[in-house]
Amino acid sequence: QVQLVESGGGLVQAGGSLRLSCSASGRTFSVYGMGWFRQAPGKEREFVAGINWSGGSTYYADSVKGRFTISRDNAKNTVYLEMNSLQPEDSAVYYCAADSTGRGHPVAYFHSWGQGTQVTVSS
């Protein structure tokens, strides 16, 4: 399993922006698809965004499409989630995850998970 560590969460006002980072250990980061998920209290964990091994294909939940952007830098073993126009309903713990199929597709099996980073959006 690859080890993943998220960072960049915090408190932001509605309409603001945050950039989350996920740093990966290991030597095979570039073969993995990567995804971002989030979980709010009392709710199921949900898929937010995914990216394939090369960065050439991306996937987004309808709720964040047009506001969030996923990207990766394989040379730095890092995946990013830029979040713009944040709303209170975006508040959640955000997790990054790795997919060994390389696709980062919403229905892929994400086998490795980070510890999560809290994002809180105030109104």
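- Between the side chain of T69 and the main chain of E82, no donor-acceptor pair closer than 3.5 Å is present.
- In this structure, Y60 contributes its side chain and I70 its backbone to a donor-acceptor pair below 3.5 Å.
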>> Under the criterion side-chain contact (heavy atoms from CB on, under 4.5 Å), I'd like the reasoning laid out for E46 against R38: C-alpha separation, chi angles, the key distance, then a yes or no.
In response: CA-CA 6 Å; E46 64 176 344; R38 66 188 182 187; 2.7 Å; yes

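- In the hydrophobic clustering of this structure, F110 does not group with V48; members are Ile, Leu, Val, Met, Phe, Trp, Tyr whose side-chain heavy atoms approach within less than 4.5 Å, directly or through other members.
- The CD atom of E89 sits 8.0 Å away from the NZ atom of K43 when rounded to the nearest 0.5 Å.
- When side chains are defined from C-beta on, W53 does not count as touching V31, because their heavy atoms never get closer than 4.5 Å.
- Counting only N and O atoms by type, the side chains of T78 and D73 include no donor and acceptor under 3.5 Å apart.
- The heavy-atom pair separating S122 from L11 by the smallest distance is CB-CD1, 4.3 Å.
- Taken to the nearest 0.5 Å, the OG atom of S112 stands 6.0 Å off from the CG atom of L4.
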> Step by step, would you call F47 with H105 a ring-ring contact (aromatic ring centres under 6.0 Å, His included)?
Replying inline: CA-CA 10 Å; F47 173 85; H105 191 271; 7.9 Å; no

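- Contact of the D90 side chain with the R67 side chain is registered, since non-hydrogen atoms from C-beta on lie closer than 4.5 Å.
- The closest donor-acceptor contact from the side chain of S91 to the backbone of V121 lies under 3.5 Å.
- In this structure, Y59 is not a member of the same hydrophobic cluster as W36, with clusters built from ILVMFWY side-chain heavy atoms closer than 4.5 Å.
- When the shell of 6.0 Å around CD of Q3 is examined, it contains 12 or fewer heavy atoms from other residues, nucleotides or ligands.
- With rounding to the nearest 0.5 angstrom, the OH atom of Y80 is 9.0 Å from the OG atom of S7.
- Linking Ile, Leu, Val, Met, Phe, Trp and Tyr residues whenever their side-chain heavy atoms come within less than 4.5 Å places L81 and F29 in a single cluster.
- Side-chain contact between V79 and I51 is present, with heavy atoms from C-beta onward closer than 4.5 Å.
- Without hydrogens or angle criteria, Q115 side chain to E6 main chain gives a donor-acceptor distance under 3.5 Å.
- Between F68 atom CZ and N84 atom CG the span is 8.5 Å, to the nearest 0.5 Å.
- With contacts defined as side-chain heavy-atom distances shorter than 4.5 Å, the pair R19/M83 does not qualify.
- Judged by distance alone, the side chain of D99 and the main-chain N or O of G50 form no donor-acceptor pair under 3.5 Å.
- Note on M34 and V2: same hydrophobic cluster, where clusters join Ile, Leu, Val, Met, Phe, Trp and Tyr whose side-chain heavy atoms are under 4.5 Å apart, directly or indirectly.
- Evaluation of the side chain to side chain donor-acceptor pair (under 3.5 Å) rule for N77 yields no partner, not counting sequence neighbours.
- N52 CG to R72 CZ: the interatomic distance, rounded to the nearest 0.5 Å, is 7.0 Å.
- No side-chain heavy atom of K76 sits less than 4.5 Å from a side-chain heavy atom of S21.
- A14 and S123 make their closest contact through CB-CA, 4.3 Å (heavy atoms, listed as atom of the first residue, atom of the second, distance).
- Aromatic ring orientation, W113 versus Y95: perpendicular (interplanar angle above 60°, classes split at 30° and 60°).
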> What do the steps show when you test T117 against V93 for side-chain contact (heavy atoms from CB on, under 4.5 Å), and what is the final call?
Replying inline: CA-CA 5 Å; T117 185; V93 177; over 6 Å; no

